[in-house]
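Quick caveat, the model's predicted, so the values are computed rather than measured. A, B, ... follow the sequence lines: proteins, then strands. Residue 1 opens every chain.
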Amino acid sequence: MAEVRNQPVKPALPSGVRDFGPQEVARRRYVFDTLRRVFERYGYQPLETPVMELLSTLEGKYGEEGDRLLFRILNSGDAFAVWKEKYGDHLIGQFGFPLRDIAEKGLRYDLTVPFARYVVMNRHRLAFPFRRYQIQPVFRADRPQKGRYREFYQCDADVIGSNSLLLEAELIKIYDDAFSELGLNVTIRINSRKVLLGLAQCCGAEQQFYAMTVVLDKLDRIGLDGVEQELGRLGWNAEQRQMLRALFHVEGSNEERVQKAGALLTQTAGEEGCRELQQTLHWLNVLGAPHQAVEVDFSLARGLNYYTGIIYEVVSRDGTLKSSLGGGGRYDDLTGVFGLPGISGVGISFGADRIYDVMAELNLFPATSESHTRLLFCCMDQASMYWAAPLLSDLRRRGLPAEMYPEPEKLQKQLRYAHSRGIPYAALVGEQERYTNRLTVKDLRSGQQQSVAPHELYEKII
RNA sequence: GUGGUUGUAGCUCAGUUGGUUAGAGCACCAGAUUGUGGAUCUGGGGGUCGGGGGUUCAAGUCCCCUCAUCCACCCCA
């Protein structure tokens, strides 16, 4: 490490990750705090898990695409030692080799899988149904673009250990509360994977279920004709596509559409899916009508293939970002892969970074001052600094954020600093003030200043 | 992973058919103001024009490679 550096390192960041300055942090906290408050109101308990997990925990849970997007961590020490031993030095760089030989850890891809891992490891000390929320960054080795980052925060709420559709309805209420409190207008789309499965069964294309969901998910982008075209490419004939058209052409309120769809999909999993949607909507009504738009949408599919029941997606109704601000659903057997089968869970996720982006675009953040500091002591000389220091400490002891400019610089410089920091008051201290035992307190917003005795200072600026 | 876009000062950008010493606004620093911020004026610091190679008497400008960026696809929050 004792390298001689003649060239300064160019400061830069890997793509897709970001620094957050003071103002951004304040605004992000506002989003996180709002979500936290709502989660806790619904009885969810906080959980934090490590950024890194064993690759065996992560791999194979997110589909082929997900595996490709996992950040893998090179083993420490000589990561290639095992590999060299197996294949010999000379082959390095010439052939592919099993990744597990050099990397056994990875950065988490979402919060749901680590949660499932946690539940299985701690099953004996948890009271089921277990509700937890988790607000932490996740990592994806994706190509960054608008609204897409390599490190971003997910804010998840999941319940594990109950099949009740009351939970489904509560999660919609959580979305409703949270987005309403943030001042965003959104549409909460819901569907059931069982309806989609029923559709596939109805068309005799059950083995193409996953491929079908991927195509359906594009409906709002490529339209019904586009979807039919792509399904045609998958080998769907006119009759099958007619079935699909029928499902998407049902009209009426959410309840009516679910009822009609159920009739279309008799003898399939779709019937049960529609019953569950009906029941969820009923619970939602009983809990109280939501403020945000809730829309049953049979084209909603969700990419992650562990969902098995009701699924959710939230999209903004304002602003230019069209991708989803959150999503979730029920998964019947997420803990099964960790050796605890038959436990059902349901959960939702908020994409905090996208929520931030939309709110920033729409100017929805309440005005926050740059700093919390209320008062800056501006001292003309060293003696004044000594004189004012006990007053500074006194303010802080009483809980009032205050600072002293650390050098006796010229006033102009000190006041300019206070101004650029957004500090509302400056206490000027020089020979005069020391001599009369009073401070000159300046209100930076009005420009007015007055002479204040030391013991009045706290009251004047609070 | 696929296709395209753009790389010039800390930031946003200009820079003609290749032609002297590469510019502007904002930001920053200093002064006008030896004890008063925001506004104004004056001055100043700052750039291997993303990197490498090539064409040319001459390249920020043209060609090739490479890296980065943003956008779209794929997929997702």
Side-chain angles (χ1 to χ4, degrees), chain A residues 7-8 10-16 31 35 62-70 108-112 135-156 175 186 210-211 213-215 217-218 221-222 226 230 300-305 307 312-316 320-329 347-358 376 378-381 384 405 408-435 439-449:
Chain A
Q7 291 250 331
K10 191 179 180 181
L13 234 35
S15 71
V31 174
L35 297 179
Y62 310 104
E64 206 180 307
E65 181 73 10
D67 277 359
R68 202 168 59 73
L69 298 180
L70 281 178
R108 65 170 163 236
Y109 181 88
D110 74 354
L111 301 177
T112 308
I135 299 178
Q136 289 193 284
V138 303
F139 304 84
R140 297 187 188 175
D142 211 344
R143 268 231 199 139
Q145 54 180 281
K146 190 187 179 77
R148 174 175 302 185
Y149 306 99
R150 285 181 155 176
E151 179 192 24
F152 61 95
Y153 272 71
Q154 286 193 334
C155 313
D156 280 26
Y175 269 144
V186 298
Y210 182 69
T213 61
V214 171
V215 176
D217 205 42
K218 300 183 197 172
R221 272 172 292 156
I222 61 177
E230 291 212 18
L300 177 63
R302 310 282 309 154
L304 296 178
N305 50 16
Y307 294 121
Y312 313 91
E313 181 163 77
V314 180
V315 291
S316 174
T320 56
L321 189 65
K322 286 300 156 219
S323 31
S324 71
L325 301 182
I348 52 171
S349 179
F350 290 80
D353 305 79
R354 287 182 177 176
I355 291 171
Y356 177 97
D357 288 348
V358 172
L376 180 73
C378 302
C379 302
M380 320 289 176
D381 50 42
S384 300
Y405 197 91
E409 289 273 7
K410 30 195 303 192
L411 256 190
Q412 180 179 238
K413 184 160 183 165
Q414 300 193 42
L415 285 170
R416 198 178 293 178
Y417 173 79
H419 178 253
S420 68
R421 285 277 313 278
I423 298 172
Y425 292 99
L428 314 187
V429 185
E431 241 174 90
Q432 284 173 32
E433 284 78 7
R434 275 185 283 131
Y435 183 71
L439 302 117
T440 303
V441 173
K442 176 159 188 157
D443 182 333
L444 278 291
R445 281 167 302 193
S446 68
Q448 290 179 342
Q449 56 188 54

Taking only N/O atoms, report every protein-nucleotides 35-42 of chain B pair under 3.5 Å with atom names and distance.
unit_1, atom_1, unit_2, atom_2, d
B/G35, O6, A/Gln432, N, 3.0
B/G35, O6, A/Gln432, NE2, 3.4
B/G35, N1, A/Glu433, OE1, 3.0
B/G35, N1, A/Glu433, OE2, 3.4
B/G35, N2, A/Glu433, OE2, 2.7
B/U36, O2, A/Lys442, NZ, 2.8
B/U36, O2, A/Gln449, OE1, 3.1
B/U36, N3, A/Gln449, OE1, 3.0
B/U36, N3, A/Gln449, NE2, 3.1
B/U36, O4, A/Gln449, NE2, 2.9
B/G37, N7, A/Lys442, NZ, 3.3
B/G37, N1, A/Leu444, O, 2.2
B/G37, N2, A/Leu444, O, 2.4

Exercise for the section: Taking A/Gln414 for its side chain and A/Glu409 for its backbone only, find out whether a donor-acceptor pair lies under 3.5 Å. Expected result: yes

Handout entry: Spacing of A/Gln136 atom CD relative to B/A77 atom P, expressed in whole Å
Key = 17 Å

Practice task
Using whole Å, report how far CZ of A/Arg143 lies from P of B/C71.
Solution key: 13 Å

Problem - Which nucleotide in B/C75, B/G3, B/A77 has an atom nearest any side-chain atom of A/Phe152 - result: B/A77

Handout entry: Donor-acceptor side-chain pairing of A/Thr440 and A/Glu433 below 3.5 angstrom
Key = yes

Exercise for the section: For the side chain of A/Gln145, starting at C-beta, report the closest nucleotide among B/C75, B/G1, B/A72. Expected result: B/A72

Exercise for the section: Please round to the nearest 0.5 Å and tell me the distance separating atom OG of A/Ser384 and atom CD of A/Gln432. Expected result: 10.5 Å

Problem - Length of the CZ-P vector between A/Arg150 and B/C76, whole Å - result: 18 Å

Problem - Euclidean distance for P, B/G23 against B/A32 (whole angstrom) - result: 29 Å

Practice task
Supply the atom-to-atom distance A/Leu411 CG to A/Cys378 SG, rounded to the nearest 0.5 angstrom.
Solution key: 6.5 Å

Exercise for the section: By nearest nucleotide on RNA chain B, pick out whichever of A/Gly16 and A/Tyr149 is the more 5' one. Expected result: A/Gly16

Problem - Separation between the P atoms of B/U6 and B/C71, rounded to whole Å - result: 15 Å

Exercise for the section: Provide, to the nearest angstrom, the distance between the CG atom belonging to A/Asp217 and the C1' atom belonging to B/C73. Expected result: 15 Å

Practice task
Please state the P separation for the pair B/A59 and B/U16 - nearest whole angstrom.
Solution key: 16 Å

Fill in the blank from the handout: Residue set satisfying side chain to side chain donor-acceptor pair (under 3.5 Å) with A/Asp142, at least two apart, ordered chain then number -> A/Arg148

Completion exercise
Rounded to the nearest 0.5 angstrom, the CD1-CG distance for A/Ile348 and A/Asp156 is 8.5 Å

Handout entry: hbond_proxy A/Arg140 side chain to B/C76 base (donor-acceptor, 3.5 Å cutoff)
Key = no

Handout entry: Pairwise P distance, B/C76 and B/C67 [rounded to whole Å]
Key = 28 Å

Practice task
Can you tell me, in whole Å, how much space there is between the C1' of B/G18 and that of B/G60?
Solution key: 10 Å

Completion exercise
Whole-Å distance, A/Arg68 CZ to B/C76 P, equals 12 Å

Completion exercise
Partner of A/Tyr62 under side chain to side chain donor-acceptor pair (under 3.5 Å), picked from A/Asp110, A/Thr112, A/Asp67, is A/Asp110

Problem - Whole-angstrom distance between B/A72 and B/G53, as gauged at atom P - result: 36 Å

Practice task
Can you tell me, in whole Å, how much space there is between the C1' of B/U2 and that of B/A77?
Solution key: 23 Å

Exercise for the section: Mind calculating the distance between OH (A/Tyr153) and P (B/A77) to the nearest angstrom? Expected result: 18 Å

Fill in the blank from the handout: Checking N1-N3 plus N6-O4 or O6-N4 for Watson-Crick, or N1-O2 and O6-N3 for wobble, each under 3.5 Å, the partner of B/G23 is B/C13

Handout entry: G-U wobble or Watson-Crick pairing nucleotide for B/G1 (cut-off 3.5 Å, both distances)
Key = B/C73

Handout entry: Whole-Å C1' distance, B/U56 and B/U69
Key = 31 Å

Handout entry: Nearest heavy atoms of A/Ser316 and A/Leu325, plus distance in Å
Key = CB-CD1, 3.7 Å

Exercise for the section: Look at all strands and tell whether A/Val214 reaches a base, only sugar-phosphate, or nothing, counting heavy atoms closer than 4.0 Å. Expected result: sugar-phosphate

Problem - Separation of B/C75 P from A/Asp142 CG (nearest whole Å) - result: 12 Å

Handout entry: A/Tyr175 and A/Phe350 aromatic centres sub-6.0 Å
Key = yes

Completion exercise
A/Ile355 atom CD1 is separated from B/C76 atom C1', nearest whole Å, by 15 Å

Problem - Partner nucleotide of B/G43 by Watson-Crick or wobble geometry (both distances under 3.5 Å) - result: B/C29

Completion exercise
Partner of B/C62 under the Watson-Crick or G-U wobble criteria, both distances under 3.5 Å, comes out as B/G54

